[in-house]
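In what follows, a structure is listed as structure tokens, so that the remarks can point back to it.
Quick note: numbers below take in every heavy atom, side chains included, and nothing from hydrogens, waters or symmetry partners. Starting from 1, each residue takes its place in the sequence as its number.
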Amino acid sequence: MRSIIPALSLVALLTPVQALYFYIDGNSPKCFFEELPKDTLVVGHYTAEEYDEDRKTWSKHEGLNIFISVDEVFDNDHRVVSQKGSSAGRFTFSAADAGDHKICFVPSSTSGKSGWLNALHPTGGIKLTLDLAIGETSAIESKDKGKIDDIVQKVKGLNGRLQDIRREQVFQREREAEFRDQSETTNARVVRWTLMQLVVLGITCAWQLSHLRSFFIKQKLT
């Protein structure tokens, strides 16, 4: 028989970010209603635990699966979410129109063990913890911290690489300026040396011409 939690009993709990837990007897579905405005984003994180009679504690079970369904009550129970997941997971949907939405959870087992879904605990054999975020801002705040941390690390890595590239560019510019200065100095020295050679050659030529002139003059006089 379908078990439904009245909407009024959850009014105090269903704030923009809400966390609650409830018990499920065997594989019976557990449902509750949530009235949502149009275009409201809903993100839910859930964790299902089995009651271990031997250890007298709640623990996750490898063969435990949770089927999640969300129906629009105002639209002839039109189903907007039909999802089967493991003992812990996430689901999300957006309200197409304003009205009541029925959110249901049904546990099942694929482990092959017999009798583990029996109601060994007075409140039920399955404990389901639900963290529900309603609204865009709440959904963003409830995203996986691991994914956010991963993105932050990638951004830091990219910033580090950009800093390395910038330092390399500065170093290359400094090397280019140093090479340019050396080239200009070398070119200036080459020009000065060429001018000195021309001056020496000019003086040498003038001296030789003067010497030859003197020599010819002496020979003619002789």
Side-chain angles (χ1 to χ4, degrees), residues 14-21 34 36-49 59-62 64-68 70 80-97 101 103 110 128-213:
L14 296 179
T15 55
V17 177
Q18 53 218 358
L20 69 155
Y21 67 88
E34 174 64 16
L36 300 172
K38 183 179 180 180
D39 297 328
T40 300
L41 181 64
V42 179
V43 179
H45 295 264
Y46 68 89
T47 302
E49 296 173 300
S59 61
K60 292 182 180 180
H61 190 282
E62 292 182 357
L64 176 60
N65 295 294
I66 300 295
F67 177 76
I68 305 164
V70 179
V80 294
V81 174
S82 180
Q83 173 183 326
K84 185 177 182 180
S86 59
S87 57
R90 176 176 180 268
F91 66 94
T92 179
F93 68 94
S94 181
D97 290 299
H101 291 70
I103 305 174
T110 58
L128 188 68
T129 302
L130 178 63
D131 185 5
L132 203 60
I134 300 177
E136 250 181 83
T137 303
S138 300
I140 293 173
E141 293 174 352
S142 68
K143 285 184 182 294
D144 246 339
K145 290 185 178 180
K147 293 181 180 178
I148 296 177
D149 293 339
D150 186 42
I151 294 174
V152 169
Q153 292 300 324
K154 289 182 179 179
V155 171
K156 288 182 178 179
L158 289 175
N159 286 334
R161 292 181 64 182
L162 289 175
Q163 292 296 328
D164 293 338
I165 294 172
R166 186 175 181 181
R167 283 193 294 268
E168 182 67 21
Q169 289 177 339
V170 173
F171 175 72
Q172 291 298 333
R173 284 198 295 268
E174 292 176 351
R175 289 288 300 274
E176 182 182 357
E178 183 180 353
F179 179 76
R180 184 175 60 251
D181 293 340
Q182 290 180 353
S183 298
E184 291 176 354
T185 302
T186 302
N187 291 334
R189 289 177 179 176
V190 170
V191 171
R192 285 198 300 269
W193 176 246
T194 302
L195 292 175
M196 290 176 64
Q197 286 180 327
L198 291 174
V199 170
V200 170
L201 288 173
I203 294 173
T204 303
C205 290
W207 178 81
Q208 287 180 344
L209 291 173
S210 177
H211 179 71
L212 289 172
R213 182 180 180 187

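Side-chain atoms of Glu176 and Gln172 form no donor-acceptor pair, as typed in the model, at a separation below 3.5 Å.
Residues Val152 and Lys156 meet the side-chain proximity criterion, which asks for heavy atoms closer than 4.5 Å. Taking the side chain as every heavy atom from C-beta outward, Leu128 and Tyr46 approach each other to under 4.5 Å. For the pair Leu198/Met196, no side-chain contact is recorded, criterion being any heavy-atom separation below 4.5 Å from C-beta on. Glu34 is not listed as a side-chain neighbour of Val70, based on a closest heavy-atom distance of 4.5 Å or more.
In terms of modelled atom types and a separation under 3.5 Å, the side chain of Ser210 and the main chain of Ala206 share no donor-acceptor contact. A donor-acceptor pair is defined here as one N or O able to donate and one able to accept, closer than 3.5 Å; such a pair exists between the side chain of Gln83 and the backbone of Arg90. Listed for the Thr92 side chain is a donor-acceptor partner under 3.5 Å among the backbone atoms of Val42. Between the side chain of Thr40 and the backbone N or O of Leu36, no donor-acceptor pair lies under 3.5 Å.
Arg173 contributes atom CZ, which lies 11.5 Å from atom CZ of Arg180 (distance to the nearest 0.5 angstrom). Between atom CG of residue Asn187 and atom CZ of residue Arg192 there is a gap of 11.0 Å, rounded to the nearest 0.5 Å. Rounding to the nearest 0.5 Å places CD of Gln208 at 12.5 Å from CD1 of Ile203. Interatomic distance, CG of Asn159 versus CD of Gln163, reported as 7.0 Å (0.5 Å rounding). The OG1 atom of Thr186 sits 10.0 Å away from the CD atom of Glu184 when rounded to the nearest 0.5 Å. In this structure, Ile103 CD1 and Leu132 CG are separated by 5.5 Å, a value rounded to the nearest 0.5 Å.
A pairwise comparison of heavy atoms in Leu64 and Ala48 identifies CD2-CB, 3.4 Å as the closest pair. Of all the heavy atoms in Asn65 and Ser86, the pair that sits closest is OD1-CA, 3.8 Å. The minimum heavy-atom distance between Pro37 and Ala95, with the atom names listed, is O-CB, 3.5 Å.
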Original post:
Could you go step by step and tell me if Arg189 and Trp193 meet the side-chain contact (heavy atoms from CB on, under 4.5 Å) rule?
Top reply: CA-CA 6 Å; Arg189 289 177 179 176; Trp193 176 246; over 6 Å; no

